[in-house]
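Lettering follows sequence order; numbering is per chain, from 1.
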Amino acid sequence: MIRVQREDFDIGVELERLTAGNHHIGGIASFVGLVRDMGGGNRVSALTLEHYPGMTEKKLAEIELEAHRRWPLDASLIIHRYGRLEPGDRIVLVATASPHREAALAACHFLIDWLKTEAPFWKSEETPAGERWVEARAEDDAAMQRWKT
Amino acid sequence: MIRVQREDFDIGVELERLTAGNHHIGGIASFVGLVRDMGGGNRVSALTLEHYPGMTEKKLAEIELEAHRRWPLDASLIIHRYGRLEPGDRIVLVATASPHREAALAACHFLIDWLKTEAPFWKSEETPAGERWVEARAEDDAAMQRWKT
Amino acid sequence: MKILYFAWLRARIGCAEEELPLPAEIGDVAGLLDWLRRRGPRFAEALRDLSVVRVAVNQDYVGREHPLRDGDEVAIFPPVTGG
Amino acid sequence: MKILYFAWLRARIGCAEEELPLPAEIGDVAGLLDWLRRRGPRFAEALRDLSVVRVAVNQDYVGREHPLRDGDEVAIFPPVTGG
């Protein structure tokens, strides 16, 4: 399941709902991304996430399908927020549930690596020196390469 | 932080507490293990987790320290339950928080692989054919080997 | 053809979205980027370094050789930084 | 010396914990396991296959060559299955 929303989410509630009633699931792996108060050496007082409505949902749905193709998942969830967020705020939740822990862990890792490099979101930070667009990181591209075999 | 307890836990509350007030944290990786309704081809109606009080806490504390030695973590949490549990119940929560997602993801994976092979817990299942002690899996040992370099 | 701009490309060009007929001389994405750069100083400046420009057509990432048709939704943006 | 048994080893031996003075002829973990196997049919059966028996002394995993002293807490159990 995918959701692109302005609102915050409750991790406990989301994970509970993800596995409710399915007793084949042995493990849930998840990753939560938070707004950091530092970025590129600057103090960050807030972050604004812009995205491409339509393409975002399309790409998230595609990659979720790809994760289910690669690993035996019983359920998965991607929630990505947009709008203005402050340090400590949740940005993204990726969760994968499977009978087997390796599948859940690998699929979760794959999805967050993918999100970082392919989902059409852009961050701009409010810093003492003014607004600053976050630059893509080469490490993120490298992390994604590993899944392209 | 480590906790060995009979009681259930709330994932959302635990993760919130783990990162509260620390705005350097960019990501939280977590893994939750659940009781499955199948084990070794048998229908499982309940699971009893036995552990070695004292050694459990000692080994969990050691491995948590080892994770912090290997990766730049800001916070970590291991909660492991014991006693009688039913399908769908939570058994274990491993969570790791770091400025960097790779560190959080790797440390979380390491901790759960380690728990499966080194933490002194034993499961017995209630099945239609009677009580059955769960056997250790060779895959779990293999998964742990990867971290021994 | 609809063209969408995002993030600092939107900010530098000063436009989020525009609708225009596909100029006859443009056959593909590379042609469109060339054409846009010649459209004025803001475009020239924003699209100066094409190595940091990504393009999606009808909400799929495409290469520079991707053919364009009138009616396409073309999005032009920097490398993504979500997650 | 305190000896603890867990999981199916506890169930088969029929004892969770016992306190006994370390017999003089036992120098290490291997010696203790040998001695226990000769203690009766339940012990012999439970400890038949030592490849599935793990030992901790004073709450640390140890090998068969680990020396034992009176006052040690020795735990004998099958491979763990938590997590």
(request) Indicate the atoms forming the closest heavy-atom contact of C:Ala75 with A:Tyr52, along with that distance. (result) CB-CE1, 3.2 Å
(request) Calculate, to the nearest 0.5 Å, the distance between atoms CG and CE belonging to A:Leu77 and A:Met1 respectively. (result) 5.0 Å
(message) Strictly below 4.0 Å, N to O, side chains only: are A:Glu50 and C:Arg10 in salt-bridge contact?
(response) yes
(request) Heavy atoms only, distances under 4.5 angstrom: which of A:Ile78, A:Thr117, A:Asp113 has the most pairs with chain C? Name it, please. (result) A:Thr117
(request) Write out, in numerical order, the residues from residues 136-148 of chain A with a heavy atom short of 4.5 Å from a heavy atom in chain C. (result) A:Ala136
(request) Can you measure from OH (C:Tyr5) to CZ (C:Phe77) and round to the nearest 0.5 angstrom? (result) 13.0 Å
(message) How close do C:Met1 and C:Pro23 get, counting heavy atoms only, and between which atoms?
(response) CE-CD, 4.4 Å
(request) Report yes if the side chains of C:Glu73 and C:Leu4 come closer than 4.5 Å at any heavy-atom pair, otherwise no. (result) yes
(message) Between C:Glu19 and C:Lys2, does any NZ, NE, NH1 or NH2 come within less than 4.0 Å of an OD or OE carboxylate oxygen?
(response) no
(message) Please check this pair: side chain of C:Asp70 against backbone of C:Pro21, looking for a donor-acceptor N/O pair closer than 3.5 Å.
(response) no
(message) For residues 54-73 of chain A, give me every residue with a non-hydrogen atom less than 4.5 Å from any non-hydrogen atom of chain C.
(response) A:Gly54, A:Met55, A:Lys58, A:Lys59, A:Glu62
(message) Counting only heavy atoms not in A:Glu135 (residues, nucleotides, ligands), do more than 12 fall under 6.0 Å from its CD?
(response) no
(request) Taking C:Thr81 for its side chain and A:Lys123 for its backbone only, find out whether a donor-acceptor pair lies under 3.5 Å. (result) yes
(message) Just to be sure I understand the criterion: a residue of residues 80-100 of chain A counts if one of its heavy atoms is under 4.5 Å from a heavy atom of chain C. Which ones qualify?
(response) A:His80, A:Ile91, A:Val92
(request) Would you check if the side chain of A:Ser45 reaches a backbone N or O of A:Glu126 as a donor-acceptor pair within less than 3.5 Å? (result) yes
(message) Do A:Ile79 and A:Gln5 make a side-chain contact, defined as non-hydrogen atoms from C-beta onward lying under 4.5 Å apart?
(response) yes
(request) Any chance you could measure C:Leu36, atom CG, to C:Leu33, atom CG, to the nearest 0.5 Å? (result) 6.5 Å
(message) Using a 3.5 Å distance criterion without hydrogens, assess whether the side chain of C:Asp49 forms a donor-acceptor pair with backbone atoms of C:Ser51.
(response) yes
(request) Kindly say whether C:Pro78 contributes a backbone atom to a donor-acceptor pair with the side chain of C:Trp8 at under 3.5 angstrom? (result) no
(request) Working to the nearest 0.5 Å, report the span between CG of A:Leu47 and OG1 of A:Thr127. (result) 11.5 Å
(message) One thing to verify: whether C:Glu45 and C:Arg42 come together as a salt bridge, which I'm taking to mean a side-chain N less than 4.0 angstrom from a carboxylate O.
(response) no
(request) Taking heavy atoms only and a threshold strictly under 4.5 Å, list by residue number the residues of residues 6-37 of chain A that touch chain C; give 'none' if the list is empty. (result) none
